[in-house]
Amino acid sequence: MSIQEVATEPFDDQKPGTSGLRKKTRVFMQERYLENFVQSTFNAIGGGSGKTFVVSGDGRFLNDTAIQTILKMALANGASKVIVGKGGLLSTPAVSHLIRLNKTDGGFVLSASHNPGGIDEDFGIKFNTSNGGPAPEALTEKIFQNTKSISSYNTSDVADINLEIAGTTKLEGMAVEIIDPVANYMELMRTLFDFDAIRNLFSSGFSMRFDAMHAITGPYAKAILEGELGAAEGTVVNGIPSPDFGGGHPDPNPIWAKDLMSVMMQDDGPDFGAASDGDGDRNMIVGRQAYVTPSDSLAVLAANAHLAPGYAKGIAGIARSMPTSGAADLVARKLGIEIFETPTGWKFFGNLLDAGKVSICGEESAGTGSDHVREKDGLWAVLLWLNILAVRKMSVADLMKDHWATYGRNYYSRHDFEAVPTENADQLMQNLRDKQESLPGTKIGSTTVEFADDFSYQDPIDNSVSAHQGIRIGFAGGGRAVFRLSGTGTEGATLRLYLEQYVPASSDMSIETAVALKEVQAAAHEVSNLAALLGRSEPDVVT
Ligand code: G1P
Ligand code: ZN
């Protein structure tokens, strides 16, 4: 075997976004592209010498070749051990857990999350640090700077490792340990949830459908729900990970999980439905004829977490991303605990979790999680829901009614305008930024602006400031609109418009979401001049 230092030239487009470097698969297939990024990462963490890492992905096209590339580079950079899930597969929360469990120096996650996979779709890579969470901004910035000046990378000419056989192989000085992707994760779940109570729930005839969307959670859900908790065989559908996710978008929302939605909306549908995304960190929750918005799900989980053994002592605090609805804030107030509003992206929860300030976190984009790992965790949310339903013995629909009767309801929807020309999207944001200070007191349509700002966050632990995180506009009567540009898109710009309307507990809760949001939607379009700037007023995706 020989170690080689290969001369290379920088690419100019390797700036990690909200969740790592995400590009079209063919971009990643260019010679030196992945190598440059990986070497830039090793350089940013002070080299790989003597270090241990976890490396795996969600099984999308390029997953296995990328893992072989990284293994060879880890060896050439002096790493002492790399842990890989069998078949190169690990969910993102499982990677986070393994980094923590084995006290490794970090890990590489190969995924583009909920984006489609395949040679003409998306691929991605993200580095997580030793706390198990995504690299903080200071580190991703360092990686990015390195990508702009890199002149060589280290690799070795060892043969590919067979990723299908569990066990440890020695590659010169480096051990490669291939492990069962599910086992450690299942043990962690067993410490948090009352598996007996959930088993009793299933044996009482409770029915469930889990749509793994041809992605990574298939094997996890099959082993845990069907294998361990006694859910009927066939509960897990689309349970075999495929490199192109069966040609679909592995994005658990009513649009992309519409088969699940239509089954759940039937009179005789299952009691409980759930789905997870490409890499297993997102979740969708739906009861029979009762879709639960991710913002509401966060609030319900926080309000009821104490019913699960892992949270029996109560939760320390809650964090939500800024565009997520205020439903969780109401729960925090009632529990007398702190609520933190952070910028979009899971990495902003890391410090709060590490410091023990919060136990439960969530984002409107179908991410919920807790301090058990440093990533959002789709199956964790599903299991916590099951634990809560097992204890409260009521349907999802009744649980939601009960929640709203206690706290009031935050009607909520996100409107995405995709593949917008970047200049137009930037213009829209700039206009709002320019006029935000003068907005309060202005009458817009049938409502009045109460506050407006360009969200800026100071991390309470390391004091770092993240500015320009989105325009927030609060309207009289409990309405809120948020505008921000996506940091994960791979084509043009995606404008996200988040709409929220709070109604107090005494109100009529049977109105449709679209109706409840009409006024705030009209005001948001007017204040941003959206139709004129984007050339259309209908979003591509409404969730
Ligand atoms: C999106 C979501 C965000 C999530 C991220 C990674 O980012 O909105 O909540 O953390 O994906 O899963 P965005 O495209 O909005 O920047
Ligand atoms: Zn994901």
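Numbers here are sequence positions counted from 1. Since this is a predicted model, take the numbers as computed values, not measurements.
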Euclidean distance, [Y] [atom2] relative to [X] [atom1], rounded to 0.5 Å:
| X | Y | atom1 | atom2 | value |
| --- | --- | --- | --- | --- |
| Asp459 | Leu352 | CG | CG | 6.0 Å |
| His306 | Ile315 | NE2 | CD1 | 9.5 Å |
| Thr217 | Asp211 | OG1 | CG | 8.5 Å |
| Ser113 | Asp58 | OG | CG | 8.0 Å |
| Leu399 | Leu389 | CG | CG | 6.0 Å |
| Trp346 | Arg282 | CH2 | CZ | 11.0 Å |

Test your reading of the model: is there a side-chain donor-acceptor pair from [X] to the backbone of [Y], 3.5 Å cut-off?
| X | Y | value |
| --- | --- | --- |
| Glu177 | Lys81 | no |
| Ser321 | Thr342 | no |
| Ser203 | Asn200 | yes |
| Gln501 | Gly477 | yes |
| Ser56 | Gly85 | yes |
| Gln458 | Asn463 | yes |
| Arg22 | Gly17 | no |
| Gln469 | Ser456 | no |

**Report entry** Residue pair Asn410, Glu500: steps toward the side chain to side chain donor-acceptor pair (under 3.5 Å) verdict
**Finding:** CA-CA 6 Å; Asn410 298 70; Glu500 177 177 358; 2.9 Å; yes

Requested in this report: Check the pair Glu137 / Phe348 against side-chain contact (heavy atoms from CB on, under 4.5 Å), numbers first and verdict last.
Outcome: CA-CA 9 Å; Glu137 245 166 13; Phe348 292 101; 4.1 Å; yes

For residues 326-338, which side-chain donor-acceptor pairs fall under 3.5 Å, sequence neighbours excluded?
unit_1 : atom_1 : unit_2 : atom_2 : d
Asp329 : OD1    : Arg320 : NE     : 2.6
Asp329 : OD2    : Arg320 : NH2    : 3.0

Query - Worked check of side-chain contact (heavy atoms from CB on, under 4.5 Å) between Thr344 and Met322 - result: CA-CA 6 Å; Thr344 294; Met322 179 273 279; 5.7 Å; no

Report task. Look at the aromatic rings of Phe193 and Tyr311 and report parallel, tilted or perpendicular, splitting at 30° and 60°. Result -> tilted

Report task. Anything under 30° is parallel, anything over 60° is perpendicular, the rest tilted; go ahead and classify Tyr220 against Tyr185. Result -> perpendicular

Closest heavy-atom pair and its distance - [X], [Y]:
| X | Y | value |
| --- | --- | --- |
| Asn128 | Glu375 | ND2-OE2, 2.8 Å |
| Gly117 | Phe245 | N-CD1, 3.5 Å |
| Lys347 | Pro134 | CB-CB, 4.0 Å |
| Ile360 | Ala305 | CD1-CB, 3.8 Å |
| Ala212 | Gly239 | CB-CA, 4.0 Å |
| Tyr502 | Gly408 | OH-CA, 3.6 Å |

Any heavy-atom pair between the side chains of [Y] and [X] that's under 4.5 Å?
| X | Y | result |
| --- | --- | --- |
| Arg288 | Asp271 | yes |
| Leu229 | Ile224 | yes |
| Leu301 | Thr368 | yes |
| Leu495 | Leu485 | yes |
| Arg409 | Thr513 | yes |
| Leu353 | Val358 | yes |
| Pro539 | Asp416 | no |
| Leu188 | Val373 | yes |

Give a yes or no on whether [X] atom [atom1] has more than 12 heavy-atom contacts from other residues, nucleotides or ligands under 6.0 Å away.
| X | atom1 | answer |
| --- | --- | --- |
| Lys51 | NZ | yes |
| Ile240 | CD1 | no |
| Gln266 | CD | yes |

Query raised in the report: Going by atom types only, do Asn102 and Thr104 share a side-chain donor-acceptor pair under 3.5 Å?
Result: no

Query raised in the report: Does the pair Arg374/Asp354 count as a salt bridge with the N-to-O cut at 4.0 Å?
Result: yes

Requested in this report: Run the salt-bridge test on Glu341 and Arg472 with the 4.0 Å N-O cut-off and return the result as yes or no.
Outcome: yes

Query raised in the report: Only one of Arg496, Arg414, Lys376 forms a salt bridge (charged side-chain N to carboxylate O under 4.0 Å, His left out) with Glu363, so which one is it?
Result: Lys376

Report task. Given side-chain contact (heavy atoms from CB on, under 4.5 Å), test Tyr498 with Tyr412 step by step and report yes or no. Result -> CA-CA 8 Å; Tyr498 310 80; Tyr412 188 86; 3.1 Å; yes

Report task. Run the numbers on Phe195 and Met189 for side-chain contact (heavy atoms from CB on, under 4.5 Å), then give the verdict. Result -> CA-CA 9 Å; Phe195 273 25; Met189 294 299 115; 4.0 Å; yes

Query raised in the report: Under the ring pair (Phe, Tyr, Trp, His ring centres under 6.0 Å) test, which residues partner His403, sequence neighbours left out?
Result: Tyr407

Query raised in the report: Which pairs count as side chain to side chain donor-acceptor pair (under 3.5 Å) when at least one residue sits in residues 83-99, sequence neighbours excluded?
Result: Thr92-Asp279

Query raised in the report: What's the verdict on side chain to side chain donor-acceptor pair (under 3.5 Å) for Asp277 and Trp256, showing C-alpha distance, side-chain angles and the deciding distance?
Result: CA-CA 10 Å; Asp277 74 330; Trp256 296 114; over 6 Å; no

